[in-house]
Amino acid sequence: MSTGGRIDSEGPGRTRARPDARVPLRAEGAGDLLHLVRSGRATTRGALQQVTGLSRATVGQRLDRLFRAGWLREGAGGPAGSPLGGRPALRLEFDDAHAVVLAAALETRHARVALLTLGGAVLAAHTGPLAVEEGPDVVLGELGARFAELLRGTGRPAASVCGIGLAVPGPVDTASGRVVQPPIMPGWDGYDIRGRLRLAFTESTGAPADLPVLVDNDANLMAYGEQRTHYPRCSAFALVKVSTGIGSGVVVGGEVYRGVDGGAGDIGHIRVPEGADALCRCGSYGCLAAVASGRAVARRLTGAGVPAESGSDVRALLEAGHPIAVGFAREAGRQVGEVLATVVTLLNPGVLMIAGDLAGTPFLTGVRELLYQRALPRSTAHLDVVTSRLGEHAALVGAGTLVVEHLYAPERVEERLVALGV
């Protein structure tokens, strides 16, 4: 099984390119051909010739490198022949079994880890207690050990892993992979997450110490995983995660929108009139998260004589149909819905997804009440308000997808092929 050429340079919307559009290719354009195959725009040798304008010999030469790397395979062709005529051509396919990806998603009180195929299928997963407040050294060391357990349980060698993706509940500078002033991650600000997680994995498995590690905000990765898996034709997609805190992720044109330094989507800290006297964990008063998050609802429940500490506790009460929890969740939904009216008017998304611990019928009902009341009809005319389809795997799938898109981007393919000696 070949996965080599690891490069440690971490760093489909409704409108799609025309099938006959020419693609600008570099002299070493194997990566561009791979991108055309993976995107489905050209899946035969003839189609690649037509789309790129390259000769049959040049296409064959570049494909040969991808075959030798183990990244492409040929399968049975469809009923239609090559666009250049002749008998039906063999179909080119990205071989998503030649390597695997590890992913982890941190919450405030627990963590999920998973082993995924390059196509985003979850091969194995585990969820267990792990408090983010224990600090990055302890938490990341434990993640390395849990990754090793997953590999042992599936019989996969560490050498089959081509990268690691990590979702964290805080704003991330994706260029450095470090969290920036995270309200609910004490001790994590500016910490070298990538380096520590890579070292923890190496120490737990004996794997090479050059494995790519990518880090992003959990809501961003949930949005990315959901959009790429279930809404690939939605060119403007927004997800709001309401658990212990509140965050959102936006995918525009198939790419996560992060803002200038990774701070986009932090709607939990928008000030709302109802929260003027509510102290948020960020240190400010009046934040949306201080009045409508899982933690805020848990606090209200405790005050009403129903013990709860976090979003997961509220979720359990909602699943049991507790009437007070149902009422508080609907009210929280209305408060979030009022903020989302502005978000929807600004972004004009095709899909607005509500996810997280509170994303049940009561909360969603509250969101819809205020959203459709306050937003412009023009902004909601083509809007679908839905709940998560990937559930607890959303951030994991998003993290895995982020790694795959990073490693198999056209500009990075050539580096990796050279490193493999093909």
Side-chain angles (χ1 to χ4, degrees), residues 103-114 122 125-135 138-139 142-143 146 166-170 182-186 188 217-219 221-223 225-226 239-249 267-268 278 280-281 287-333 335-336 353-364 366-367 387-399:
L106 290 179
E107 297 281 354
T108 54
R109 299 170 62 187
H110 65 273
R112 298 183 178 90
V113 294
V122 176
H126 171 75
T127 300
L130 188 60
V132 71
E133 63 185 17
E134 291 186 34
V138 172
V139 170
E142 177 61 22
L143 288 184
R146 293 184 187 185
L166 174 64
V168 298
I184 60 174
M185 300 178 70
W188 290 74
N217 171 262
D218 54 358
L221 292 179
M222 291 172 71
E226 296 277 7
L239 177 144
V240 177
K241 178 192 177 187
V242 186
S243 290
T244 296
I246 300 177
S248 69
I267 67 169
C280 181
R281 290 196 67 178
C287 295
L288 179 65
V291 297
S293 67
R295 177 180 284 110
V297 173
R299 185 171 59 247
R300 290 193 65 191
L301 285 167
T302 300
V306 183
E309 295 182 6
S310 66
S312 57
D313 293 336
V314 177
R315 179 178 182 174
L317 290 167
L318 290 173
E319 290 174 345
H322 194 287
I324 298 178
V326 168
F328 286 170
R330 182 166 179 169
E331 185 177 342
Q335 293 165 327
V336 172
M353 178 174 285
I354 308 300
D357 290 328
L358 269 63
T361 300
F363 186 87
L364 190 63
V367 167
T387 54
S388 174
R389 296 180 64 176
L390 291 174
E392 295 183 347
H393 288 163
L396 297 170
V397 173

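We're numbering straight along the sequence, starting at 1. For the numbers below, each heavy atom of this structure counts, side chains included, while hydrogens, waters and symmetry mates do not.
For the pair F328 and V306, the minimum side-chain heavy-atom distance is 4.5 Å or more.
Under the 3.5 Å distance criterion, the side-chain polar atoms of R299 are matched with a main-chain donor or acceptor of A290. Under a 3.5 Å cut-off, the side chain of W188 and the backbone N or O of V132 do form a donor-acceptor pair. Looking only at distances, a side-chain donor or acceptor of E226 sits under 3.5 Å from a matching main-chain atom of L390. With hydrogens and angles ignored, the 3.5 Å screen pairs a side-chain donor or acceptor of S243 with a backbone N or O of D357.
Between N217 and G170, the shortest heavy-atom distance links the atoms ND2-O, 3.0 Å. Here the shortest heavy-atom pairing between A329 and P362 reads CB-CB, 4.2 Å. Across every non-hydrogen atom of A111 and L130, the tightest pair is CB-CD2, 3.9 Å.
To the nearest 0.5 Å, atoms CG (L301) and CG (D313) are separated by 9.5 Å.
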Residues I324, L317; criterion side-chain contact (heavy atoms from CB on, under 4.5 Å); working and verdict: CA-CA 9 Å; I324 298 178; L317 290 167; over 6 Å; no
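Heavy-atom neighbours of E142 CD from other residues, nucleotides or ligands within 6.0 Å: above the threshold of 12.
A donor atom on one side chain and an acceptor atom on the other are not found under 3.5 Å apart for E107 and T244.
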